[in-house]
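Please read all numbers here as calculations on a predicted model, not as lab measurements.
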Amino acid sequence: MTSSLEVLTVGRVGVDLYPEQSGVPLAEVSTFAKSLGGTATNVAVAAARLGRRAGVLTKVGPDGFGTYVRQALEGFGVSSEHVGTSPDLLTPVVFCELNPPADPPLLFYRLPTAPDLTLNEDDVPWSLVRDVPLLWVTGTGVSAEPARGTQRMMLASRNRKSHTVLDLDYRPMFWPDVKTARAEIGWMLDHVTVAVGNRTEVEVAVGTSDPDEAADRLLARGLSLALVKKGAAGVLVATPEGRWTVEPNPVEVVCGLGAGDAFGGSLVHGLLSGWDPVKIARYANAAGAIVASRLACADAMPDQKEIEELL
């Protein structure tokens with residue numbers, strides 16, 4: 001299956017445990033629902049839901065949750081061929097608190113480190129990394145060694161081939177400080193063709209949360225496309241030729257988690273389809289809105305019919 005993949009995502013995987021009671025603190029939750037999670041993993045699932053041949057390069061622990069990750073990926077039509085195992089670590093578990101639902105606090109169990117941060121050069125399918133039509137990397141993926149050095153080698157090997165996408169994916173709990181995150185994520189900006197993130201993430205990456213100024217700084221690094229997610233103000237789409245703001249799709253938010261990953265899966269689909277940037281952003285916005293109106297991440301990803309109905 002490897003040779004036929006259209007997209008390879010690299011990085012975070014985990015098992016999400018969602019409260020079945022909304023609007024209460026974690027201490028008062030009585031039952032949880034299990035779901036596949038992790039940014040890189042969710043983006044692959046979202047792309048697969050839109051008909052793309054997707055795979056994930058990551059690692060899990062030698063435990064039942066690791067088995068669940070592989071089975072869930074295959075169930076979603078995503079290749080698990082490049083999901084390795086870290087023999088001495090546990091598959092990460094993430095609890096969320098639906099309080100508030102729009103921006104749920106997360107509690108990560110990834111200590112002493114996560115298996116996906118132990119990716120090394122022996123885990124990498126190098127010919128696939130060089131040749132796959134779209135490679136998706138993340139900011140979290142360079143938060144620790146050896147994954148940081150491995151992801152750098154992957155980008156160097158790819159030589160800024162189109163499409164090489166950086167999901168800025170900043171999680172403060174994974175970094176010692178913002179300065180370190182800016183240096184490491186900033187290095188990647190010189191080796192990718194597309195970057196996507198929210199205001200907080202672009203501020204970490206390029207030093208400003210102002211969408212237009214951030215877009216200027218991103219494009220100055222040689223990107224062909226920058227997308228700055230502005231929440232209720234929509235999405236700024238910027239290329240060297242121009243920039244546009246795409247309005248959001250208003251929905252009643254059930255859980256804000258996963259909306260950005262649905263956006264990412266549609267970004268993948270749009271880039272591989274050769275769509276213009278505004279069409280991509282409209283489609284991705286709709287996908288994100290649909291997931292925000294649902295509980296769960298991977299399990300909530302929409303298909304083309306659902307997105308087109310909303311549009």
Side-chain angles (χ1 to χ4, degrees), residues 1-18 32-87 89-94 96 108-110 114-119 123-125 128-129 132-138 140-141 147 150-151 154 165 167 169 257-269 272 287 290-291 294-304 306:
M1 184 173 178
T2 291
S3 61
S4 67
L5 289 184
E6 297 174 286
V7 53
L8 180 69
T9 66
V10 185
R12 191 154 53 88
V13 69
V15 177
D16 289 344
L17 295 172
Y18 286 86
F32 294 86
K34 181 178 68 173
S35 178
L36 185 65
T39 293
T41 306
N42 290 337
V43 169
V45 170
R49 277 276 169 91
L50 298 175
R52 295 298 172 180
R53 299 186 303 278
V56 185
L57 173 59
T58 189
K59 292 175 95 168
V60 295
D63 48 57
F65 281 139
T67 302
Y68 164 72
V69 165
R70 289 188 174 90
Q71 291 174 344
L73 283 170
E74 294 292 341
F76 287 125
V78 176
S79 172
S80 64
E81 181 179 351
H82 303 295
V83 178
T85 301
S86 288
L89 296 170
L90 297 175
T91 304
V93 173
V94 185
C96 87
F108 289 90
Y109 285 76
R110 288 168 64 88
D116 52 71
L117 289 175
T118 69
L119 279 171
D123 298 315
V124 178
L128 177 61
V129 166
V132 71
L134 192 148
L135 180 72
W136 183 281
V137 295
T138 69
T140 297
T150 303
Q151 198 158 279
M154 292 170 66
V165 184
D167 180 348
D169 185 36
L257 297 177
D261 301 332
F263 186 102
S266 289
L267 172 57
V268 167
H269 179 59
L272 292 173
I290 290 169
V291 171
R294 298 172 173 175
L295 181 62
C297 286
D299 302 79
M301 296 302 171
D303 59 25
Q304 293 185 53
E306 290 171 306

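Leu117 CG to Thr58 OG1: the interatomic distance, rounded to the nearest 0.5 Å, is 8.5 Å. Rounded to the nearest 0.5 angstrom, Met301 CE and Asp261 CG are separated by 5.0 Å. The structure places OG of Ser79 at 5.5 Å from CG of Leu5, a figure rounded to the nearest 0.5 Å. One distance of note links CG of Asp16 with SG of Cys96; it measures 7.0 Å at 0.5 Å rounding. In this structure, the separation between CG on Asn42 and CZ on Phe76 is 9.0 Å, given to the nearest 0.5 Å.
The two atoms that bring Pro125 and Asp123 nearest to each other are CD-O, 3.6 Å, heavy atoms only. Residues Thr150 and Leu119 come closest through the heavy atom pair OG1-O, 2.7 Å. Closest of all the heavy-atom pairs between Gly51 and Glu6 is O-OE1, 4.1 Å. Between Val268 and Ala47, the shortest heavy-atom distance links the atoms CG1-CB, 3.9 Å. In plain terms, the two heavy atoms of Ala287 and Ala262 that are nearest each other are O-CB, 3.6 Å. Across Val94 and Phe108, no two heavy atoms sit closer than the pair CG2-CD2, 3.6 Å.
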Handout entry: Verdict with supporting geometry, Val165 and Leu135, side chain to side chain contact (heavy atoms under 4.5 Å, CB included)
Key = CA-CA 6 Å; Val165 184; Leu135 180 72; over 6 Å; no
Practice task
Given side chain to side chain contact (heavy atoms under 4.5 Å, CB included), test Leu272 with Arg52 step by step and report yes or no.
Solution key: CA-CA 9 Å; Leu272 292 173; Arg52 295 298 172 180; 3.6 Å; yes
Problem - Thr140 vs Asp169, side-chain hydrogen bond (donor to acceptor under 3.5 Å, both in side chains): CA-CA, chis, key distance, verdict - result: CA-CA 6 Å; Thr140 297; Asp169 185 36; 2.7 Å; yes
Practice task
Apply the test side chain to side chain contact (heavy atoms under 4.5 Å, CB included) to residues Leu57 and Thr9: give CA-CA distance (whole Å), side-chain angles for both, the deciding distance (0.1 Å), then the verdict.
Solution key: CA-CA 6 Å; Leu57 173 59; Thr9 66; over 6 Å; no
Exercise for the section: Would you check, one step at a time, whether the test side chain to side chain contact (heavy atoms under 4.5 Å, CB included) holds for Arg53 with Val78? Expected result: CA-CA 7 Å; Arg53 299 186 303 278; Val78 176; over 6 Å; no
Practice task
Quick one: do Arg49 and Glu306 satisfy salt bridge (charged side-chain N to carboxylate O under 4.0 Å, His left out)? Show the steps, please.
Solution key: CA-CA 11 Å; Arg49 277 276 169 91; Glu306 290 171 306; 5.8 Å; no
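For the pair Arg12/Thr41, no side-chain contact is recorded, criterion being any heavy-atom separation below 4.5 Å from C-beta on. In this structure, Val60 and Phe65 have side chains that are not in contact, with every pair of non-hydrogen atoms separated by 4.5 Å or more. Two residues are said to be in side-chain contact when any heavy atoms from C-beta on lie closer than 4.5 Å; Leu73 and Leu36 meet this criterion.
Partners of Asp303 by side chain to side chain donor-acceptor pair (under 3.5 Å), not counting sequence neighbours: none found. Under the salt bridge (charged side-chain N to carboxylate O under 4.0 Å, His left out) criterion, Asp116 pairs with Arg110, not counting sequence neighbours.
Side chains of Thr91 and Asp63: a donor on one and an acceptor on the other come within 3.5 Å. If you check the side chains of Asp167 and Thr138, you find no donor sitting under 3.5 Å from an acceptor.
No donor-acceptor distance shorter than 3.5 angstrom exists from the side chain of Ser266 to the backbone of Phe263, with no hydrogens or angles considered. Although no hydrogens or angles enter the test, the distance criterion places a donor-acceptor pair under 3.5 Å between the side chain of Arg70 and the main chain of Val83.
Under a cutoff of 6.0 Å and an axis angle of 45°, Lys34 and Tyr68 form a cation-pi pair.
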